[in-house]
Amino acid sequence: MSVELGYYTLSVRDLERAAAFYGPLFGWEFRREHETYLHVTNTAVPMGLRAGGPSSQPNLYYHVQDIDAAVGQVRELGGTTGEVYESKSGRGCTCTDDQGTEISLWQPAPGFD
C-alpha cells in the first residue's frame with residue numbers, strides 16, 4: 001500500500017481569531033484537541049488549525065502504518081526527524097528530507113483513520 005495524505009493543518013497566529021474567520025467562511029466546525037490545536041470536525045479530508053504563526057502553505061501529515069519504522073526509514077534515506085509525539089489522534093513526527101523539505105508523518109490512533 002502506498003502512503004497518502006492523511007491529515008493537514010493550517011498554521012495560524014491566534015486559534016480563536018482563525019476559528020472566527022474560517023468557521024463562517026467555509027462552514028467549518030471545531031473541537032479543541034490541545035491548547036494549540038483545533039480539529040475541524042466536518043470536513044471530508046481530516047484537518048485542523050495549529051497555533052504557532054502563519055505559514056504560506058499547509059502542514060501535510062502523511063498517513064503511515066508504523067511511525068517508528070517510517071522514522072527509521074527517513075533517517076536511513078538521509079533525512080532528519082524530530083521526536084515522535086503522542087496526541088489524541090495518534091503518533092506523529094516532523095521530518096526533513098535530504099533536500100530540506102519538511103513534512104510530517106502520522107500514525108492514526110484507533111478511530112482516526
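This one's a predicted model, so the numbers in the text were calculated from it and none came from an experiment.
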Decide side-chain contact (heavy atoms from CB on, under 4.5 Å) for Lys88 and Glu33; before the verdict, give the C-alpha distance in whole Å, the side-chain angles of both, and the deciding distance to 0.1 Å. CA-CA 7 Å; Lys88 290 180 184 177; Glu33 293 291 325; 3.3 Å; yes

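A donor-acceptor contact shorter than 3.5 Å links the side chain of Gln107 to the backbone of Ile67. Thr43 contributes no side-chain N or O that, together with a main-chain N or O of Pro46, makes up a donor-acceptor pair within less than 3.5 Å. Put simply, the side chain of Asn42 gets close to the backbone of Glu29: a donor and an acceptor are under 3.5 Å apart.
A continuous path of ILVMFWY side-chain contacts below 4.5 Å connects Leu25 to Leu10, so both sit in one hydrophobic cluster. Both Ile103 and Val45 are assigned to one and the same hydrophobic cluster, defined by single-linkage of ILVMFWY side chains at heavy-atom distances under 4.5 Å. Note on Val71: it does not cluster hydrophobically with Tyr85, by side-chain heavy-atom contacts below 4.5 Å among ILVMFWY residues.
Rounding to the nearest 0.5 Å places OG1 of Thr41 at 10.5 Å from CG of Leu38. Residue Gln73 holds its CD atom at 10.5 Å from CG of Asp66, rounded to the nearest 0.5 Å. The OH atom of Tyr61 sits 4.0 Å away from atom OG1 of Thr9, with the distance rounded to the nearest 0.5 Å. One distance of note links OG of Ser104 with NE2 of His63; it measures 14.5 Å at 0.5 Å rounding. Expressed to the nearest 0.5 Å, how far CE of Met47 lies from OH of Tyr22 amounts to 8.5 Å.
Using a 4.5 Å heavy-atom cutoff, the side chains of Leu105 and Arg91 are not in contact. A 4.5 Å side-chain heavy-atom check between Gln99 and Asp97 finds at least one atom pair inside the cut-off. The side-chain heavy atoms of Cys95 and Glu102, taken from C-beta on, include no pair separated by under 4.5 Å. No side-chain heavy atom of Pro54 sits less than 4.5 Å from a side-chain heavy atom of Val12. Contact of the Trp106 side chain with the Val64 side chain is not registered, since no non-hydrogen atoms from C-beta on lie closer than 4.5 Å.
Between the side chains of Arg75 and Thr81, at least one donor-acceptor pair of N or O atoms lies under 3.5 Å. Inspection of the Ser11 and Asn59 side chains reveals an N or O donor paired with an N or O acceptor under 3.5 Å.
Below 30°, between 30° and 60°, or above 60°: for Phe30 and Trp28 the angle between ring planes is above 60°, a perpendicular geometry.
Of all non-hydrogen atoms in Arg32 and Leu15, the two that sit nearest each other are NH1-CD1, 3.7 Å. Of all heavy-atom pairs between Ala18 and Leu49, the closest is CB-CD1, 3.8 Å. For Gly82 against Cys93, the heavy-atom pair with the smallest separation is O-SG, 3.2 Å.
Residue-environment remark: CD (Glu4) stays at or below the threshold of 12 foreign heavy atoms within 6.0 Å. For CD of Glu16, the number of neighbouring non-hydrogen atoms (other residues, nucleotides, ligands) closer than 6.0 Å is greater than 12.
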